[in-house]
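Scroll down for the structure; my scribbles are underneath it.
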Amino acid sequence: MNFPVFHHIQTHLPEQVSAHLQARYGYDAPVWLEQPADPAFGELALTIAFQLAKQLKKAPRAVAQELIDELGSLPGVAQMEIAGPGYINIRLDRGVYGSSLLKPDERSTEAAAGKIIVEHTNINPNKAAHIGHLRNAVLGDTFVRMLRSTGAQVEVQNYIDNTGVQVADVVAGFLKLENKSLDEVRVLAAQPRFDYLCWDLYARVSQHFAASKDDEKNWRQEVLHSIEEGSGVASEMGHLVSDAIVLCHLATMARLGVSYDVLPRESEILHLKFWATAFELLKERNAIHLETEGPKKGCWVMAGSHYSDEAAEDDSKVIVRSNGIVTYVGKDIAYQLWKFGLLGKDFHYHPLLTGSNGHQVWVSTDHPQSSSAPKFGGGSTVYNVIDSRQAYLQDVVAAGLRALGYIDQAERSIHFSYEMVALSPRTCAELGIDLSDSDKSKAHVQVSGRKGLGVKADDLIDKLIEKARVEVDDRHPQAPVAERQAVATDIAIGALRYFMLKFTRNTVIAFDMQEALSFEGETGPYVQYAAVRSRNILRKLEERGEKLPDFAAVLSSDAFGRQLAQEDFWQLTLAVSKADAAVARAIASGEPAHVAKYAFTLAQSFNTFYHDYPVIHETDPEKKSFLLWMTDYFRRQLERTLDVLGIRVPQYM
RNA sequence: GGGGACGUAGCUCAGCUGGAUAGAGCAUCUGCCUUCUAAGCAGAGGGUCGCAGGUUCGAGUCCUGCCGUCCCUACCA
């Protein structure tokens, strides 16, 4: 028998019950265990008697009784009892449960189902990152951490659209509005916060083009063409700008502990003819067709029936424009094919930079390199972390795979969607943003790069650190400055990451500065504080010349039975042991918010425990050992869970 | 017009495949720092789960209709 940690019980107990039902009644539906609302009802509950009662035409309570009698004793279970109209409440053996927690963590050995690719961040490299991008990166990075914590093999990709209109517009701005030469831009790009400069320039260019005449729009097209073809001054400047801004973005994300394995770039998708290859495939297998009449005459389009059951007959998505230029979706289909290893082509790579943790980031190039990069792409499942507004385009991409006959891969192309981050009216006012009357009446206001409307990621991080620093200085005026700054940074990042994770994905966040700057209540710092406190107890113990006992030697199953007979100890232990179950559930539902929620309730449990039991001053030896074990167990689980959330535990708080 | 998401406490949000008395945080109010740090703890008030039907032993959760909010519906990305 395996040891009965909660997650294990929750997954294996139903299997045993299910097997029994199959053998006894020929009943074949899945069996689920529930967690009763009231802890007094036990740890787990079966509601299967209700369904079974209907089939057997017996009273639910009678069926429940029959089940209890026939199931006999199950491992780790102390007793089962009937409650209410026919619930079967399950009480676990507390002594066995507690002592099983002393055994070292056993990593799940579930068969690795191939490589999982997670694509996230994907910021247009033409301006500074804003809070919306932070939500994307933090969600993606946390999901990656969740998957990796279960032993899965995960590759993180950050797609760089370095040849699109957004980069082109900034280049147009430098050339046309600013009359800058290549060398002048090169100097600017080497300066700090070049991304801020481009943020402002992009907003100005967008306003300019919005009000401009047609001849200027033609000129704008020329810049875009030059960049797509990869020749001319505009193209060179495009690379200069986008390469510099990518580095800005990586630096911003590194502040949050977000890193990547590989940066596939659009310029290589074009120059290495990924699209040309995909185009041939799509034509060959009739996934797209050439429109011969109507408004889309001369375009290669995908019929609406490929990507939507609801599509009208004339619905179609343009993949190649009548001027021969492929759309973004077309390039994305080629990219998605490559991710699954279905394109028959690969990028060349060169090392871009090495993170502070020694992690190597690679970027695509179009020329063979001497250095040997790992094998990228060829995943078995692909998660694209992209905001929900692009659901339609993601459907088209998956439909492309399906139309090519890659049904399984289309199924495994998962749009990990999330709602946008908007701004609260109050925060807009604080930022000095003038709102139109229609915006003023709304609950939140959309950020807009074109309007330069938004909160820059680095500004927010700076502000958070500043605020945290005030609190740290207040509490630890004697500590070295560098140390206080490091602590303030950990707290600020913890607050930010937690804030981005506490909402479920399809909730629109109305970003409010005041709310985001809070360090109390359901926040990252609250959880960090619990972890710090647990460490403090153990540190204080050492300062007193004591050390942690050998728990396995001191705490027998009987000892656990005695201590866990106390109801609050039992409830706390249960709560702490549910970390794996929480992560498993969060992966199944695709909701990192569930892990955040668990971390918070875990911290709440610890703070209650901390308040109620002075661990170090306990005089009863067995109880003291137990309390120390609880403290240490809390600490480990808090640290593990925070690690999954990408939140560091500060030295002190 | 078509497609999608949402509507839960004053505010911001959870609510796991339909289960037992609908939960947090913030805000408001009342207590608790000579104790392992009060970024904390204990407690109080606050709900026709948008409205109306339906399915079910059981509905915040599933179905239908209505009302309201938001997003998408480009030869932009």
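Naming: A, B, ... by sequence-line order, numbering from 1 per chain. Quick note: numbers below take in every heavy atom, side chains included, and nothing from hydrogens, waters or symmetry partners.
Distance noted for atom C1' between C49(B) and G60(B): 5 Å (whole Å). C11(B) sits 33 Å from G58(B) when the P atoms are compared, rounded to a whole Å. Nucleotides G19(B) and C72(B), compared at atom C1', are 37 Å apart to the nearest Å. A gap of 7 Å separates the C1' atoms of G23(B) and A14(B), to the nearest Å. For C6(B) and C63(B), the P atoms lie 11 Å apart once the distance is rounded to whole Å. Spacing between U21(B) and A38(B) at atom P, rounded to whole Å, works out to 38 Å.
Pairing for G40(B) goes to C32(B), judged as Watson-Crick or G-U wobble with the two contacts each under 3.5 Å. Nucleotide C26(B) is matched to G10(B) when pairs are restricted to Watson-Crick or G-U wobble geometry with both distances under 3.5 angstrom. As the counterpart of U21(B), no nucleotide is assigned, since no Watson-Crick or G-U wobble pattern has both distances under 3.5 Å. With a cut-off of 3.5 Å on both Watson-Crick or G-U wobble distances, the partner of G65(B) is given as C51(B).
Between the CD atom of Gln51(A) and the C1' atom of U56(B) there is a distance of 12 Å, rounded to whole Å. Rounded to an integer number of Å, the gap from Phe41(A) CZ to U21(B) C1' is 8 Å. As rounded to whole Å, 4 Å separates atom C1' of C16(B) from atom CZ of Arg585(A). Remark: P of U73(B) and CD of Gln390(A) are 9 Å apart, rounded to the nearest angstrom. For the pair Glu34(A) CD and U61(B) P, the computed distance is 16 Å after rounding to whole Å. Separating the CZ atom of Phe606(A) from the P atom of C41(B) is a distance of 11 Å, rounded to the nearest angstrom. Distance CD1 (Ile88(A)) to P (G19(B)): 17 Å, rounded to an integer number of Å. A straight line from CD1 of Ile288(A) to C1' of C75(B) spans 14 Å, rounded to a whole angstrom.
Comment: Glu546(A) engages Lys624(A) in a salt bridge, judged by a side-chain N to carboxylate O separation of less than 4.0 angstrom. A salt bridge links Arg539(A) with Glu543(A): the distance from a Lys NZ or Arg NE/NH1/NH2 to an Asp or Glu carboxylate oxygen falls below 4.0 Å. Ion pairing of Arg91(A) with Glu81(A) is present here, as a side-chain N (NZ or NE/NH1/NH2) and a carboxylate O approach within less than 4.0 Å.
A cation-pi geometry, defined here as NZ or CZ lying under 6.0 Å from the six-membered ring centre and within 45° of its normal, holds between Arg505(A) and Phe416(A).
Side-chain rings of Phe609(A) and Phe634(A) approach one another, their centers coming within less than 6.0 Å.
Gln446(A) has no side-chain polar atom (N or O) that falls below the 4.0 Å cut-off from OP1 or OP2 of C70(B). Taking side-chain N and O atoms only, Tyr526(A) has a distance below 4.0 Å to OP1 or OP2 of C41(B). The side chain of His476(A) places no N or O atom within less than 4.0 Å of a non-bridging phosphate oxygen (OP1 or OP2) of U37(B). Between Arg533(A) and A38(B) there is a side-chain N or O to OP1 or OP2 distance below 4.0 Å.
Taking every heavy atom of residues 534-548 of chain A and every atom of RNA chain B, pairs under 4.0 Å involve Asn536(A), Ile537(A), Lys540(A), by number.
Under the stacking definition used here (centres under 5.5 Å, planes under 30°), the residue Tyr87(A) fails to qualify as stacked on the base of G19(B). Aromatic stacking of Tyr529(A) on G40(B): not satisfied for centres closer than 5.5 Å together with planes under 30 degrees.
Across all strands shown, Pro614(A) has heavy atoms under 4.0 Å from base atoms, whether or not it also approaches the sugar-phosphate. Looking at heavy-atom distances under 4.0 Å, His594(A) makes contact with sugar-phosphate atoms alone, never a base. Thr327(A) comes within 4.0 angstrom of sugar-phosphate atoms only, judged by non-hydrogen atoms across all strands, and of no base. Here Pro30(A) lies out of heavy-atom contact (under 4.0 Å) with every strand.
Counting atom types as modelled, Ser322(A) pairs a side-chain N or O with a base atom of C75(B) as donor and acceptor under 3.5 Å.
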task: Quick one, give me the B/S/- string for nucleotides 23-32 of chain B, reading 5' to 3', where B means a protein heavy atom under 4.0 Å from the base and S means that only happens at the primed atoms, P, OP1 or OP2.
output: -SSS------

